[in-house]
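Written out below as structure tokens is the structure these notes cover.
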Amino acid sequence: MHILITAVAVWATTALPGITLGDPGDPTQGVADQALTLLVVAVVFGIVNAVLKPVAKTLGCVLYVLTLGLFGLVVNALLFWLTGWLATRLDLPFHVDGFWAAFWGAIVVTVVSSLLHAIVRRVASVDD
């Protein structure tokens, strides 16, 4: 479920300028191709976060404290930007053009995935 939620959150970022899904020169790419791309990008983003975020938090703990946690926004942006770079290297049609696109994209991913997780938890608790 986490991968699906992350894929939806990544899809929401494509409404931002500088973040694109699909190849503009390829009009044959359908919804299924885009959905598969989003799922793979969500997996890549999950791996990047699982591996590098703890390292960044450990190495940058002083900056987290000094900025009252705002340095986390920069770390999340850099991890999202790295995900876009890796997606390009894996020949996935997902592109993040620069730090500021990644910065706002990371915020959108955080907000959308948090909201979706809250909805899923609430629905699951009602079903119990």
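Each residue takes its place number in the sequence, starting with 1. Quantities reported herein were computed from a predicted structural model and do not represent experimental measurements.
If you chain together hydrophobic residues whose side chains sit under 4.5 Å apart, Met1 and Phe45 fall into the same group. Val31 and Ile3 fall into different hydrophobic clusters, where Ile, Leu, Val, Met, Phe, Trp and Tyr are joined by side-chain heavy atoms under 4.5 Å apart, directly or via other members. Clustering ILVMFWY residues whenever any of their side-chain heavy atoms sit less than 4.5 angstrom apart, transitively, puts Phe80 in the very cluster that holds Leu70. Linking Ile, Leu, Val, Met, Phe, Trp and Tyr residues whenever their side-chain heavy atoms come within less than 4.5 Å leaves Leu68 and Leu63 in two separate clusters. Following chains of ILVMFWY side-chain contacts shorter than 4.5 Å, one cannot reach Trp81 starting from Val55, and the two form parts of different hydrophobic clusters.
Looking at heavy atoms from C-beta onward, Val62 lies out of side-chain contact with Val65 at the 4.5 angstrom threshold. Side-chain contact between Leu78 and Leu82: absent, with no pair of heavy atoms (C-beta onward) separated by less than 4.5 Å. Annotation: side chain of Lys53 is not in contact with side chain of Val48 (no heavy-atom distance under 4.5 Å). The closest side-chain heavy-atom distance from Leu73 to Ile107 is below 4.5 Å. Between Leu66 and Phe71 the shortest side-chain heavy-atom distance does not fall below 4.5 Å. In this structure, Ile5 and His117 have side chains that are in contact, with non-hydrogen atoms separated by less than 4.5 Å. Residues Val96 and Trp85 are not in side-chain contact: their nearest non-hydrogen atoms beyond the backbone lie 4.5 Å or more apart.
To the nearest 0.5 Å, atoms CG (Leu90) and OG1 (Thr83) are separated by 10.5 Å. Atom CG of Asp97 sits about 6.0 Å away from atom OG1 of Thr20, to the nearest 0.5 Å. With rounding to the nearest 0.5 Å, the separation of CD1 in Ile19 from OG1 in Thr14 is 8.0 Å. Rounded to the nearest 0.5 Å, atoms CG (Leu16) and CH2 (Trp104) are 9.5 Å apart.
Partner of Val112 under the side chain to side chain contact (heavy atoms under 4.5 Å, CB included) criterion, chosen from Val109, Thr110, Leu116: Leu116. Among Leu39, Val40, Ile47, the single residue meeting the side chain to side chain contact (heavy atoms under 4.5 Å, CB included) criterion with Val43 is Ile47.
For the residue pair Pro17 and Ala101, the shortest heavy atom distance occurs at O-CB, 3.8 Å. Of all non-hydrogen atoms in Ala7 and Ala42, the two that sit nearest each other are N-CB, 3.7 Å.
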Derivation of the side-chain contact (heavy atoms from CB on, under 4.5 Å) call for Leu4 and Val8:
CA-CA 6 Å; Leu4 290 175; Val8 170; 5.7 Å; no
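In this structure, the side chain of Thr88 engages the main chain of Gly84 through a donor-acceptor pair within 3.5 Å.
Classification of the Trp100-Phe103 ring pair by plane angle, with boundaries at 30° and 60°, yields perpendicular.
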